[in-house]
Amino acid sequence: MHALTAPFHAYIQQTTGLEPVALPWNGPALPRYLKQSYEPHLVRLAGKVWVVAYLRQADPVPPLQLLKQLGQLLAGLAKPGPAGVCLVAEHLAPYLRRRLVELGQPFVVPGRQLFWPAIGSAETTQRPKRSRPRSVQTLGPIAQQLLISLLLRRLLPPVTISSAAGALGRTAASVSQAVKELEASGLITSEMKGRERFIGLAEEPVVVWSRARSYLRSPVRQRLRVPASELPAGITLRAGESALAALTELADPAEPAYAVASGQWPKTSAPRNIPTPDMGTCIVELWRYSPDPMSERGCVDPLSLALSLGNSKDERLQLAIDELMERIAW
């Protein structure tokens, strides 16, 4: 039995009042390309027999090719053959759903959408229920990036999930998940207005920052020492002691430090990693999230900077971090 069988049967009953009856499959063995894409079953519904094709692949083929393959599932079945084929999937992209409606192809996304004209069903769409936020011990990189952007007012109200996603270079789905983490931690609130979810800090920024500290961690995934002459173009954002020196009275370090998202660091043809300080070397911090959206005056943001140096035992740095935090206009 396919994992979607029970949800499919329950959804059909819920939306149409009809009860699907499973029948034994009497078709021939499928060609490999069809077997990899679909799991066909026979179902009696509304006085007719149908092929219900459960989609195996997350990304189906283009609409017209999909229709052709669904039609091929009918080949070899005993006469009189089934009345047609209904596609069942856990998820279908909005464009594909629209095209299937235009083409008259029945499909079911259990719990969300049903299109099956032959059984008297019009197109029905249900908004999925938003799952309750689950508490976390440590915020994920996107949640931390979003929170810091809100604390430093890098995102100006009204802030929606879609506007935050655009500003941070993230997908709306990943920001939506980050919002759930932050809500579960009591750091932000959100509210649906129309088709958009609006978000904001739960309390004043300085209060939220104080409460958030236990959920936050250093943004630095890895530190590398490389020849400055081999630094890839575009990596100019000051970080570490270099940024702290630019933002406070701290003296410039012997080795400049720069930050870049770890995903932007070249996987091949990367600069040599130098084990000890040398003439012309610099430090590159590979971050868990992109430092660019929150940066200012050529430096990483002050909150991420404080987190990146928080474990340092150097008293000079700790004094400079205290000075940095006092300068933040909450």
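Numbers for residues simply follow the sequence, beginning at 1. On a predicted model such as this, the values are computed, not experimentally measured, just so you know. Side-chain atoms are counted along with the backbone in the values below, which use heavy atoms only and exclude waters and symmetry mates.
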Item to check | Sidechain-backbone polar pair: Arg225 side chain, Pro275 backbone, donor-acceptor under 3.5 Å | outcome: yes

Item to check | Side-chain donor/acceptor of Ser312 to backbone N/O of Asp314, under 3.5 Å | outcome: yes

With a 4.0 Å cut-off on N to O distance, would you call [X] and [Y] a salt bridge?
X	Y	answer
Lys180	Glu183	no
Glu285	Arg221	no
Glu296	Arg238	no
Arg272	Glu230	yes

Counting neighbours of [atom1] on [X] that are heavy atoms of other residues, nucleotides or ligands and sit closer than 6.0 Å, is the number greater than 12?
X	atom1	result
Lys267	NZ	yes
Glu315	CD	no
Arg327	CZ	yes
Gln36	CD	yes
Glu203	CD	yes

Item to check | Partner of Cys282 by side-chain contact (heavy atoms from CB on, under 4.5 Å), out of Val226, Ile274, Ile235 | outcome: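 The residue from Val226, Ile274, Ile235 that satisfies side-chain contact (heavy atoms from CB on, under 4.5 Å) with Cys282 turns out to be Val226.
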
Item to check | Ser262 and Tyr289: side chain donor to acceptor below 3.5 Å | outcome: no

Checklist entry - Will you find, in the side chains of Gln69 and Tyr38, an N or O donor that is under 3.5 Å from an N or O acceptor? => result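 Their side chains do contain a donor-acceptor pair, which is all the 3.5 Å distance test asks for.
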
Checklist entry - What class does the angle between the rings of Phe8 and Tyr54 fall in, given that below 30° is parallel, 30 to 60° is tilted and above 60° is perpendicular? => result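 Judged by the thresholds at 30° and 60°, the geometry between Phe8 and Tyr54 is perpendicular.
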
